[in-house]
Number of protein chains: 2
Amino acid sequence: MAQKNLLPYILLGLIENEPMTGYDLKKEFETEIGEFWSVKHSQIYLELKRLVANGDIESNTGYFGNKIEKTYYKITPQGTKSLEGWKYSYEDQLAINKDEFVLKLYFIKDKKDPRLKELLNEQSHLHKKKLEHLNSRLKEVFPNKKIIDNNYGHYLILNHAIKREMEYVSWLEDAILSI
Amino acid sequence: MAQKNLLPYILLGLIENEPMTGYDLKKEFETEIGEFWSVKHSQIYLELKRLVANGDIESNTGYFGNKIEKTYYKITPQGTKSLEGWKYSYEDQLAINKDEFVLKLYFIKDKKDPRLKELLNEQSHLHKKKLEHLNSRLKEVFPNKKIIDNNYGHYLILNHAIKREMEYVSWLEDAILSI
DNA sequence: TATAAACATGTAATTATTAACATGTTTATG
DNA sequence: CATAAACATGTTAATAATTACATGTTTATA
């Protein structure tokens, strides 16, 4: 069981719906899935090569007009199988989720430290903005019940992200008041 | 401003209190800070070398008895400065926090998918266990107000972790009921 | 007391990730 | 219509992180 590097599954998951080019995939990380995951485009191209070498996807280079050359990737039956295997596999333990701000706080010992409140305020501002953004995403992406039911996983995690930000903000506000 | 690799700051932050060996540092990641961050011990040794080369810490090798040889690291004024700079620096934007389960859900489209509930249940179980664990940590680590006030950052983030897990569990429970 | 398990301390190799470099193509705009 | 900006597509180099390898020391236990 290959672990850790999840990018292959992401690419498979995206390509599964329809053949895509490297650039199409890159753009996915600027919108939809970009809310939950990030990678650099250089990584995408590397991984695509590996997936081809591995037989999980097939490439098809076409010439559009006489200038543009595009390589589309489509998933193979083997790739589909690999994707399914991952999607429904169980995790036996939770990964730690690394948050730089949380880390900083760990090293701020003194409750009376005057800079503490500043940091909390700044963080609160960032998370409020994020919360706002997520709320508008929800309205935008899921305007009706049919879309919700056909993209239920996405709907769930977007709601989760919103609740998480609400928790974050409320925690920070409480912390600010407490000092 | 060096970004990204936060391990140097963690090591500085830990060494700041008292000189420590590589192994001492490794152990920190199994208890206290291990709740919020993880690294492999091989990475610690590499980073310690770099910090020494960079003048942020100094090493001092001593022979205990006639067998054991230990190298203690202590922070230099330059290291302290670097640590302080990081601790009170502002972040301009939030990093994405990568969660494999959330990623999986993104690719599960169909609300009626029978395996969805299984996955949600399994996750719920994991987070309930984690929540329990964190609650007992809180009691253990912060038995009284004095300790709280002298380790306030740590107190705050432990509370945050607890609230986050509560959110996670409640989200999952709602999701399970919704399908 | 032999032997296994856990402690303690690192190095080397592999893989993943990010940053930097390159290069040609449309599209907008002054 | 010249030119800058953004689009599109990659490769190469550098850094970070994980995995595997190595080796000697206590401590527990059969």
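Numbers restart at 1 for each chain; the letters A, B, ... are given by sequence-line order, proteins then strands. All of these numbers come straight from a predicted model, not from anything done at the bench.
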Q.
Is it the case that the side chain of A:N151 and the backbone of A:I147 share a donor-acceptor pair, with hydrogens and angles ignored and the cut-off at 3.5 Å?
A.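 Confirmed, A:N151 side chain pairs with A:I147 backbone.
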
**Prompt:** Relative to the 5' end of DNA chain C, which residue comes earlier, B:K98 or B:G22, by the nucleotide with the nearest heavy atom?
**Reply:**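 Mapping each residue to its closest nucleotide by heavy atoms, the 5'-most match is B:G22.
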
- Task: For A:L7 and for B:K49, locate the closest nucleotide of DNA chain C by heavy-atom distance; then report the residue assigned to the nucleotide nearer the 5' terminus.
- Result: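 Whichever sits nearer the 5' end wins; that is B:K49.
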
[N] [atom2] sits how many Å from [X] [atom1], rounded?
{"X": "A:L6", "N": "D:dA17", "atom1": "CG", "atom2": "C1'", "result": "15 Å"}
{"X": "B:E47", "N": "D:dT15", "atom1": "CD", "atom2": "P", "result": "12 Å"}
{"X": "B:E28", "N": "C:dA8", "atom1": "CD", "atom2": "P", "result": "14 Å"}
{"X": "A:L11", "N": "C:dT17", "atom1": "CG", "atom2": "P", "result": "11 Å"}
{"X": "A:L46", "N": "D:dG10", "atom1": "CG", "atom2": "P", "result": "12 Å"}
{"X": "A:M20", "N": "D:dA8", "atom1": "CE", "atom2": "C1'", "result": "14 Å"}
{"X": "B:K70", "N": "D:dG24", "atom1": "NZ", "atom2": "C1'", "result": "15 Å"}
{"X": "A:L51", "N": "C:dA16", "atom1": "CG", "atom2": "P", "result": "11 Å"}

Q. Does B:K40 place a side-chain N or O at less than 4.0 Å from the phosphate oxygens OP1/OP2 of D:dT19?
A.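 True: B:K40 side-chain N/O within range (under 4.0 Å) of D:dT19 OP1/OP2.
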
Q. Does B:N5 have a side-chain nitrogen or oxygen under 4.0 Å from the phosphate oxygens OP1 or OP2 of D:dT15?
A.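 For D:dT15, neither OP1 nor OP2 has a side-chain N or O of B:N5 closer than 4.0 Å.
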
* **Polar contact flag, side-chain donor to acceptor under 3.5 angstrom, B:T21-B:D24** =>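 Side chains of B:T21 and B:D24: pair found under 3.5 Å.
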
Check: Going by the angle between their ring planes, with limits at 30° and 60°, are B:W86 and A:F107 parallel, tilted or perpendicular?
Finding: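 Judged by the thresholds at 30° and 60°, the geometry between B:W86 and A:F107 is perpendicular.
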
Quick one: which of [options] gets closest to the side chain of [X]?
{"X": "B:R50", "options": "D:dA16, C:dT17, D:dT11", "answer": "D:dA16"}
{"X": "B:Q43", "options": "C:dG10, D:dA8, D:dT18", "answer": "D:dT18"}
{"X": "B:Y45", "options": "D:dT19, C:dT11, D:dA17", "answer": "C:dT11"}

Below 4.5 Å, heavy atoms only, C-beta onward: do A:F36 and B:L103 meet side chain to side chain?
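With C-beta onward as the side chain, the pair stays apart.
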
query = With a distance cut-off below 6.0 Å to the six-membered ring centre and an angular limit of 45° from the axis, does A:K109 pair with A:Y106 as a cation-pi contact?
reply =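 Yes, A:K109 lies over the aromatic ring of A:Y106.
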
Problem set entry | Side chain B:S42 and base D:dT19 donor-acceptor under 3.5 Å |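 For B:S42, whose side chain was compared with the base of D:dT19, there is a donor-acceptor pair (under 3.5 Å).
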
